[in-house]
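Shown next, in structure tokens, is the structure this report addresses.
To find a chain, count down the sequence lines: A is the first, B the second, and so on, and within it residues start at 1. If you're wondering where the values come from, they're calculated on a predicted model, not measured in any experiment. Below, all heavy atoms of this structure are taken into account, side chains as well, without hydrogens, waters or symmetry copies.
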There are 2 protein chains.
Amino acid sequence: MYRDYKKKFQNSVIPDVKRVNLYYDILSPYSWLCFEILTRYKSKWRNMDLRLKPLSQEDVLKGAGNQLPGNVPIKMQYILQDLARLGKYHQVPFKIPADLKDVMYVKGSRPAMLFITAVDMENPEYTEELSRQLWLRVWGKDEGITTDDDISQAASKAGISKEMVVKCLNKAKEPDVSARFKVYTDEALSLGAFGTPTIVIHNSGKKEMIFGSDRLDLVANFIGETYEGPLNDLSKIKQ
Amino acid sequence: MYRDYKKKFQNSVIPDVKRVNLYYDILSPYSWLCFEILTRYKSKWRNMDLRLKPLSQEDVLKGAGNQLPGNVPIKMQYILQDLARLGKYHQVPFKIPADLKDVMYVKGSRPAMLFITAVDMENPEYTEELSRQLWLRVWGKDEGITTDDDISQAASKAGISKEMVVKCLNKAKEPDVSARFKVYTDEALSLGAFGTPTIVIHNSGKKEMIFGSDRLDLVANFIGETYEGPLNDLSKIKQ
């Protein structure tokens, strides 16, 4: 028996699957970048069991005593340039919102994130594409993500039925959705998060927390895979 | 003639050399990481003409209205963990100074950086190895970099003669060295720098400013080369 087993696998590598949690908020453009790259690698990195963890960036920042880099104008200018370059290189079609402060500090992403959470609890197979469609609105087309209509349009593009949209818009207002949203936020904070994206790699009981979209070679290294750059051919963005 | 020229080069790629300036301060551990990786790639990326630009991180931060991340304790904790992991992955032997605040905020790196500048003006062939030896002291062994004796020891390990050490220790106190140090600092600030390392790629009259050690794939892309990870085999650190 064992010999048969060995024979069967001797020329193939048995994946050593590790859970990789991506904590994100669609208000964060670097989270979008990270999300697109990791979802492209899903089919390539057999060792990665990618789990999406929608949370509140605002609450993570508050909880960690951190803030967005908006208070250093020169840094903010750089970030916009950095996003444009990284977007071009990774084919993530960033378009900076005309009224960035309003989008980031006034409107926020709470209704959209609660809706993603509701969908994730009801029909998690839509979480990825729904998140992508909401990102495409706010960081790709400078469109709203706060009204029921905004959210419904993104949901419809993600293939979610009208009935499910109505159900999840209602569910998003229920305490169990807020509670799950808070659980993910607190989970990230307890792991040392101070912003998004935060990636947590689970490996033999050990948890490695990585901040940002610029350590994916290190993520690869931790799970025994190789980072090969943007993989633009595997882009899932269809505009 | 032209045919001969074409024949000679038909099977080789003529490098399209681009100047890549690395602005750094040995007080910055991420600058060390960036410096080690880029100096490893010097022999591999024929398109890169790497120039070392020692400057004052303190003055860049001040000039840009920025500060070190020490004021967010959770972020600082992460940075120490991040350095340990990145150091291991890239074989850069980071050792966090026991009294980090004293090293960063009190002692600083000014005498060492002025000495590097003096050496760079007199004998630039030693700039790279001298910088490495000073980094090895402060970020690799938790040794001082402020006294003449500290600096002389690093210089000696970099192969600089006793006579030249004395000459450059004196020169480092002269106004022309302070002036060149300020020129590089102002140059970085004028290009939008707000910390170190700052990389500036010169390409057909256009200048691309990149902050941090985590965009080297983008640097490669800008100069028409490929980033292949840490290249640990090419490490120049001999302890």
Side-chain angles (χ1 to χ4, degrees), chain A residues 30 33 37 60-90 188-195 198-201 206-222 226-232, chain B residues 30 33 37 60-90 188-195 198-201 206-222 226-232:
Chain A
Y30 288 105
L33 184 67
I37 305 174
V60 167
L61 291 169
K62 267 188 208 159
N66 198 10
Q67 47 188 338
L68 291 172
N71 56 338
V72 181
I74 293 168
K75 214 164 164 177
M76 199 60 216
Q77 269 175 41
Y78 172 77
I79 287 174
L80 300 182
Q81 190 189 6
D82 186 46
L83 283 173
R85 290 191 300 219
L86 291 174
K88 201 174 164 192
Y89 181 50
H90 298 88
L189 278 167
S190 76
L191 292 161
F194 49 87
T198 285
I199 300 164
V200 177
I201 302 150
K206 223 186 139 194
K207 291 173 193 172
E208 296 282 353
M209 190 277 277
I210 291 181
F211 171 69
S213 59
D214 39 26
R215 299 275 183 280
L216 298 180
D217 52 343
L218 205 60
V219 172
N221 188 254
F222 275 132
T226 306
Y227 183 67
E228 297 163 51
L231 293 191
N232 289 333
Chain B
Y30 288 105
L33 183 68
I37 305 173
V60 167
L61 291 169
K62 267 188 207 158
N66 198 9
Q67 48 189 338
L68 291 172
N71 56 338
V72 180
I74 293 168
K75 214 165 165 176
M76 201 59 216
Q77 269 175 39
Y78 172 77
I79 287 173
L80 300 182
Q81 190 190 7
D82 187 46
L83 283 173
R85 288 190 301 218
L86 291 174
K88 201 174 164 193
Y89 182 51
H90 299 87
L189 277 168
S190 77
L191 293 161
F194 50 87
T198 285
I199 300 163
V200 178
I201 302 150
K206 222 184 140 193
K207 291 172 192 171
E208 297 282 353
M209 189 278 277
I210 291 180
F211 171 70
S213 59
D214 39 26
R215 298 275 182 281
L216 297 179
D217 52 342
L218 205 61
V219 172
N221 188 254
F222 274 131
T226 306
Y227 184 67
E228 297 163 51
L231 293 190
N232 289 334

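Pairing each heavy atom of A/Glu208 with each of B/Arg85, the nearest pair is OE1-NH1, 2.7 Å. Between A/Lys75 and B/Phe194, the closest heavy-atom pair is CG-CE1, 3.5 Å.
A distance of 12.5 Å separates CD1 in A/Ile74 from CZ in B/Phe211, rounded to the nearest 0.5 Å. The NZ atom of A/Lys88 sits 10.5 Å away from the CG atom of B/Leu218 when rounded to the nearest 0.5 Å. Atoms OH and CG, on B/Tyr89 and A/Asp217 in that order, are 4.5 Å from each other to the nearest 0.5 Å. Taking OH from A/Tyr78 and CG from B/Asn66, the interatomic distance works out to 12.5 Å, rounded to the nearest 0.5 Å.
In this structure, the portion of B/Gln81 lying under 4.5 Å from any heavy atom of chain A is its side chain and not its backbone.
Scanning for salt bridge (charged side-chain N to carboxylate O under 4.0 Å, His left out) contacts around A/Lys62 gives A/Glu58, with sequence neighbours left out. Scored by the salt bridge (charged side-chain N to carboxylate O under 4.0 Å, His left out) test, A/Arg215 finds B/Asp82, B/Asp214 as partners (sequence neighbours excluded).
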